[in-house]
Amino acid sequence: MKNLESLIKTYNDFPKKGIAFKDILGIIQDSEAFKELILKMSSNKVIKSSEAIISIEARGFIFGSAISLYSSKPMLVARKPGKLPGELIEENYYLEYGKSSLSIQKESLEKFSSYAIVDDLLATGGTIDCVANLLMRSGKKVCGVVTVVELLKLNGRSRFNFPVESMLSM
Ligand code: AMP
């Protein structure tokens, strides 16, 4: 696979001091690398074993929707406050640089029984944990997580008892 790392730029002290922000947007500016990455993510066993994908706002949507197309799996979204209409299931979470909450539309969630979670990056794991909790609270199976990048030193994967498949460890 094309060197993904060379397409990811690090911005130190963004969005606040002490954070080394990994900007993955360079990947989608290289259509060959993006395609290769999406094919690899789409053929991952976590995606294959799930009935549907749930992708996380906002960069998770970029990868989730492309994986949804290639894998022919339906996709749901987990969104930040005030974005989704209808009856929602909501949960708070903490991330490397703040606190927020994520919501899923209850009616959509009820359609499928097992999910693969897709996001751009795994840092502390708080965001993915939030979505996993939402799914489990609703009686759904979490088949695992597929991310583009995993920040190894934060050891986010240690909090999960389901598979974590990252395409690149940094
Ligand atoms: P966490 O909940 O700590 O695993 O953080 C993961 C979420 O926050 C992902 O949706 C990322 O987009 C974003 N994020 C956290 N840390 C970083 C980082 N160092 N660089 C880029 N994005 C990050």
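Because the structure is a prediction, the values reported are computed rather than measured. First listed ligand is number 1; within each ligand, the first listed atom is number 1.
Residues Gly64 and Ile53 share a closest heavy-atom pair of O-CD1, 4.3 Å. Summarising the geometry of Ile67 relative to Ile38, their closest heavy-atom pair is N-CG2, 4.0 Å, with the distance given to 0.1 Å. Closest heavy-atom contact between Ser42 and Ser71: O-CB, 4.1 Å. Annotation for Ala116 and Ile47: closest pair CB-CD1, 3.9 Å, computed over non-hydrogen atoms.
Against a heavy-atom cut-off of under 4.0 Å, Thr124 is close to the following atoms of ligand 1: 1 (P), 2 (O), 3 (O), 4 (O). Heavy-atom proximity to Gly126, at under 4.0 Å, picks out these atoms of ligand 1: 1 (P), 2 (O), 4 (O). Atom numbering of ligand 1 starts at 1 in the shown order; those under 4.0 Å from a heavy atom of Asp119 are 9 (C), 10 (O).
Contact analysis leaves Leu154 out of contact with ligand 1, as no non-hydrogen atom separation drops below 4.0 angstrom. Not a single heavy atom of Gly156 lies less than 4.0 angstrom from ligand 1. For the ligand labelled ligand 1, residue Ile56 lies outside the 4.0 Å heavy-atom shell.
Below 3.5 Å of separation, one finds no N or O of Leu151 facing any N or O of ligand 1. At under 3.5 Å, a nitrogen or oxygen of Ala123, whether backbone or side chain, sits near a nitrogen or oxygen of ligand 1.
The ring-ring contact (aromatic ring centres under 6.0 Å, His included) pairs that include a residue from residues 136-164 are Phe160-Phe162, where partners are two or more places apart or lie in different chains.
Comparing Ala20, Cys130, Gly125 by heavy-atom distance to atom 19 (N) of ligand 1, the nearest is Ala20.
Under 4.0 angstrom from ligand 1, there are no non-hydrogen atoms of Asp129. When heavy-atom distances to ligand 1 are checked against a 4.0 Å cut-off, Thr127 comes that close through both its backbone and its side chain. Residue Asp120 touches ligand 1 through its side chain alone, judged by heavy-atom distances below 4.0 Å.
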Give the table of side-chain donor-acceptor pairs shorter than 3.5 Å for residues 73-85, with sequence neighbours excluded, one pair per line with atom names and distance.
from: Lys73; atom 1: NZ; to: Lys48; atom 2: O; distance (Å): 3.1
from: Lys73; atom 1: NZ; to: Ser50; atom 2: O; distance (Å): 2.6
from: Arg79; atom 1: NE; to: Glu57; atom 2: OE1; distance (Å): 3.0
from: Arg79; atom 1: NH2; to: Glu57; atom 2: OE2; distance (Å): 3.1

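Two residues are said to be in side-chain contact when any heavy atoms from C-beta on lie closer than 4.5 Å; Phe21 and Thr10 fail this criterion. Within the 4.5 Å cutoff, the side chain of Ile117 has heavy atoms near those of the Ile56 side chain.
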